[in-house]
Amino acid sequence: QVKLVESGGGSVQAGGSLTLSCVVSGDTPGYYYMAWFRQAPGKEREEREGVATIRSATRTTTYTDSVKGRFTISKDDAKNTLYLQMNSLKPEDSATYYCAKVFTWFLRSPLRQSDYKNWGQGTQVTVSS
């Protein structure tokens, strides 16, 4: 069974940086997508926002508009770890960030949370102004 464990969250001032990590265990071979989602305070699970995703087959990355140019998703296959480098953080980036994975060749909408089958427990990011 695939297990995802996030770390790296914390409190930072606006303009600062954080790097989130997601270690994957119990993995199996196959094409996949991995992604970062976030759930803002007061929002329901169904309202989680797709932040960034990476497709294993092509290493293609996709970002939601609000983080383009500030966040970078990457995957270290040797360490089986997914990263999210977050720069120029804003108060509106405050949320619980979740790592997710789905084994599939292609997703038409890779930032849609309903397509993802495996989820981590989340790590809290707080950005103060």
Side-chain angles (χ1 to χ4, degrees):
Q1 178 142 356
V2 176
K3 183 178 180 182
L4 309 175
V5 179
E6 304 97 333
S7 63
S11 296
V12 64
Q13 288 195 325
S17 298
L18 283 173
T19 300
L20 306 183
S21 301
C22 172
V23 177
V24 185
S25 60
D27 216 350
T28 57
Y31 292 110
Y32 63 84
Y33 283 75
M34 287 200 71
W36 289 97
F37 289 82
R38 63 188 180 187
Q39 184 172 345
K43 296 287 189 181
E44 299 294 329
R45 176 175 178 148
E46 293 74 23
E47 298 174 276
R48 284 180 187 175
E49 177 189 22
V51 175
T53 185
I54 186 166
R55 181 187 181 196
S56 68
T58 59
R59 310 302 283 191
T60 302
T61 57
T62 303
Y63 298 90
T64 192
D65 286 346
S66 63
V67 308
K68 285 179 181 176
R70 300 189 298 122
F71 290 11
T72 303
I73 188 172
S74 63
K75 175 85 180 335
D76 186 330
D77 291 335
K79 296 182 179 180
N80 216 4
T81 300
L82 182 75
Y83 300 98
L84 185 68
Q85 174 67 44
M86 305 186 294
N87 298 325
S88 301
L89 282 161
K90 304 175 181 180
E92 52 264 43
D93 294 319
S94 296
T96 301
Y97 283 71
Y98 296 89
C99 171
K101 184 171 186 175
V102 61
F103 288 95
T104 188
W105 166 252
F106 177 74
L107 288 175
R108 186 172 300 279
S109 302
L111 292 175
R112 186 169 61 193
Q113 68 152 326
S114 59
D115 289 321
Y116 288 81
K117 307 303 181 187
N118 304 105
W119 291 82
Q121 295 290 89
T123 186
Q124 180 72 39
V125 172
T126 302
V127 184
S128 57
S129 57

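Hydrogens, waters and symmetry mates play no part in the numbers below; they use all other heavy atoms, side chains included. Positions are given from 1, in the same order as the sequence printed here. If you're wondering where the values come from, they're calculated on a predicted model, not measured in any experiment.
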Heavy-atom pair with the smallest gap, counting every atom of S129 and P91: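 Answer, listing the atom of S129 first, then P91: CB-CG, 3.9 Å.
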For S21 versus T81, what's the shortest heavy-atom pair and its separation?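 Shortest heavy-atom separation between S21 and T81 comes out as CB-CG2, 4.2 Å.
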Are [Y] and [X] linked, directly or through intermediate hydrophobic residues, by side-chain heavy-atom contacts shorter than 4.5 Å (ILVMFWY only)?
X   : Y   : answer
Y97 : L82 : yes
V67 : I73 : yes
L89 : L20 : yes

Filter on disulfide bond (SG atoms under 2.5 Å apart), then keep only pairs touching residues 100-129, sequence neighbours left out; what's left?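 Every candidate disulfide bond (SG atoms under 2.5 Å apart) pair involving residues 100-129 fails, so no pair, neighbours aside, qualifies.
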Which pairs pass disulfide bond (SG atoms under 2.5 Å apart) with one or both residues in residues 12-105, sequence neighbours excluded?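 Residue pairs passing disulfide bond (SG atoms under 2.5 Å apart), neighbours aside: C22-C99.
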What pairs meet the side chain to side chain donor-acceptor pair (under 3.5 Å) rule with one or both residues in residues 5-18, with sequence neighbours excluded?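 Every pair satisfying side chain to side chain donor-acceptor pair (under 3.5 Å) with a residue in residues 5-18: S17-N87.
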List, one per line, each side-chain donor-acceptor pair under 3.5 Å for residues 106-113, sequence neighbours excluded.
| residue | atom | partner | partner atom | Å |
| --- | --- | --- | --- | --- |
| R112 | NE | D115 | OD2 | 3.1 |
| R112 | NH2 | D115 | OD2 | 3.2 |
| Q113 | NE2 | R45 | O | 2.8 |
| Q113 | NE2 | E46 | O | 3.1 |

ring-ring contact (aromatic ring centres under 6.0 Å, His included): which pairs involve residues 28-52, sequence neighbours left out?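 Residue pairs with at least one partner in residues 28-52: Y31-W105, F37-Y116, F37-W119.
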Flag if over 12 foreign heavy atoms under 6.0 Å of CD, Q124: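 More than 12 heavy atoms, drawn from other residues, nucleotides or ligands, come within 6.0 Å of this atom.
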What's the separation between atom OG1 in T64 and atom CZ in F71, rounded to the nearest 0.5 Å?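 Those atoms lie 10.0 Å apart.
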Roughly how far, to the nearest 0.5 Å, is CD1 of I54 from OG1 of T60?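 T60 atom OG1 to I54 atom CD1 measures 8.5 Å (nearest 0.5 Å).
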Among D93, V127, V125, which one satisfies side-chain contact (heavy atoms from CB on, under 4.5 Å) with M86?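 Testing M86 for a side-chain contact (heavy atoms from CB on, under 4.5 Å) against D93, V127, V125 leaves exactly one candidate, V125.
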Going by the rule side-chain hydrogen bond (donor to acceptor under 3.5 Å, both in side chains), which residues pair with D65 if we only count those two or more places apart in sequence or in a different chain?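 Applying side-chain hydrogen bond (donor to acceptor under 3.5 Å, both in side chains) to D65 gives K68.
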